[in-house]
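Side chains included, hydrogens not; waters and symmetry mates left out as well; all remaining heavy atoms used.
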Amino acid sequence: MKWTLLFCVFFCLASGLPSFQRALDESLGDLQDGPPEQWFTQRLSHFNKQEQRTWQQRYFVNDSFFNPGLGGPIFVQIGGEGAISPAYVTRLEMVQYAQKFGALCVAVEHRFYGKSKPLPDLSTPNLQYLSSQEALADLANFIVTMKARWGFPNAPVVTFGGSYPGSLSAWFRLKFPHVTIASVASSAPVRAELDFYQYLDVVDESLSSVTGINCDARLNQASASLANLLSTPEGQRSVERLFNICKPLQGEKDIANFVSTIMGNFMGVVQYDNEQGPITIETLCNIMNNNSMDPLTAYAATSALYTNGECLDASYEDMMAGLQNLTQPPTGVADRSWTYQTCAEFGFFQTTDSRAQPFGSLVPLSFYTEQCQTLFGMPGPYINETNAYYGSNHPVSATEILFVNGSIDPWHALSVTHDLSPTLKAIFIIGTAHCANMLPARPTDPPGLAKAQQQIAAQINTWLANV
């Protein structure tokens, strides 16, 4: 699997969550100018008082719309499994809300991602300080300290986040209600799930809802043909030629990695449909529905869209070598860091264990749990503990959280998609994908998305009016 869902070209980690940072970069481009990066001193551990080491956390501030004289609030965009950039405080939809309400825009980078580097490398002993709990404590320390430093200790704070940071946004309101008045949690998978087989169930539903059942049916036929060929050495050689695989497939792990990679193209395009790049659900399904090719040949043609004429690296060994790189990348997604979090806290392992999906059964749960054991000496994540600590997707003790999800986005299966109480509300947008509400409005946006963004603004207005 190319470590980019993350999947093949622009999505999320194979072991887990989508990279909204990657989607943001694809959608908005590289921002060369904007607010300068700034630095905040954090404790290495907020829970071990004997640990006195500190590190520098990166953040950005945009005060273009801030009106403290009128009691302007502070809007905080939470960073997640990738580096943040000035775009987080200048180009996201949060900035439109800030302009409306005279808010200060702040973005805070997550520890062990981007340039927020608590320790010299990503060795397993160092990653003991990487957790969602430490990240939330970082955020609380940052907000309380900086509000006092800026001279606005009583300014109301609303947190924002999408994908994993969406979960952090909800959890921050749950765990630190005295620090923030409310949170917007977009595409937030707040329920940890070891075997996230439901992901492919939603992919199946989304393919059918967007293009009809034929694409889904032909994928099913292609997967059956593929499994049959991969069951023999001669068939494997045929598959290697058809998909232009770089190295001969060596055993079940290579096969699982290969299948995960090619189905990842469909997973990613569903997750971010029409939000980035020229390849959409229609693009792939038009190829699959081309009756001049048999289904397996069409499946190979969809894969070729992502390789740019180069061979497809399906080597499990090569993929694991990338995850054993201990260097923290200053830009993009830190694959090793996020894989550690999925192995420790969340799971999110997108398997083929459901029969209600068209990609066969060659990517089992063991494909992921064995990676956790090899990379970090962990048998798998502590799912029950995570859900007990945060309340899963029923955090009924929390208040003033707005969950926003799209019907096409597979991650809505682990989020909150209906109101839980008068103060725990949900917006479910038909026909939109992952974090769509966080990106700037476009003329091609479906009506439901524009309406949802108006509802979010109205909810923020209600929160601020009640302060």
Establish, yes or no, whether a centroid distance under 6.0 Å links the rings of [X] and [Y].
X      : Y      : answer
Phe66  : Phe152 : yes
Phe428 : His412 : yes
Tyr164 : His110 : yes
Trp55  : Phe40  : no
Tyr88  : Phe60  : no
Tyr389 : Trp171 : no

[X] and side-chain contact (heavy atoms from CB on, under 4.5 Å): which single residue from [options] fits?
X      : options                        : value
Val269 : Val203, Ile281, Leu207         : Ile281
Val144 : Val157, Leu139, Val179         : Val179
Leu194 : Thr351, Ile383, Thr342, Asn384 : Ile383

Enter the distance from Gln77:CD to Thr159:OG1 here, rounded to the nearest 0.5 Å.
9.0 Å
Partner set under salt bridge (Lys or Arg N to Asp or Glu O under 4.0 Å) for Glu193, not counting sequence neighbours
Arg191
Report the relative orientation of the aromatic rings in Tyr340 and Phe376; use parallel for angles under 30°, tilted for 30 to 60°, perpendicular for over 60°.
perpendicular
Parallel, tilted or perpendicular: which one describes the rings of Phe359 and Phe266, with boundaries at 30° and 60°?
tilted
Indicate yes or no for a side-chain donor-acceptor contact from Gln373 to the backbone of Thr369 under 3.5 Å, with no hydrogens or angles considered.
no
Counting N and O atoms only, with roles assigned by atom type, does the side chain of Ser186 sit under 3.5 Å from a partner on the main chain of Gly162, one being a donor and the other an acceptor?
no
Taking Ser45 as the fixed residue, which of Glu51, Gln50, Glu134 is the one that meets the side-chain hydrogen bond (donor to acceptor under 3.5 Å, both in side chains) rule?
Glu134
Side chains of [X] and [Y] only: does a donor on one sit below 3.5 Å from an acceptor on the other?
X      : Y      : result
Asp313 : Ser315 : no
Arg91  : Ser85  : no
Asn257 : Ser260 : no
Thr302 : Asn265 : no
Asp121 : Gln328 : no

Show the numbers, then the answer: is there a side chain to side chain donor-acceptor pair (under 3.5 Å) between Tyr197 and Gln350?
CA-CA 6 Å; Tyr197 63 85; Gln350 297 146 19; over 6 Å; no
The single option from Trp39, Phe176, Tyr59 passing ring pair (Phe, Tyr, Trp, His ring centres under 6.0 Å) against Phe142:
Tyr59
Partner residues of Ser116 under the side-chain hydrogen bond (donor to acceptor under 3.5 Å, both in side chains) criterion, sequence neighbours left out:
Glu109
Got Val106 and Phe75 here, is their nearest side-chain heavy-atom distance under 4.5 Å?
no
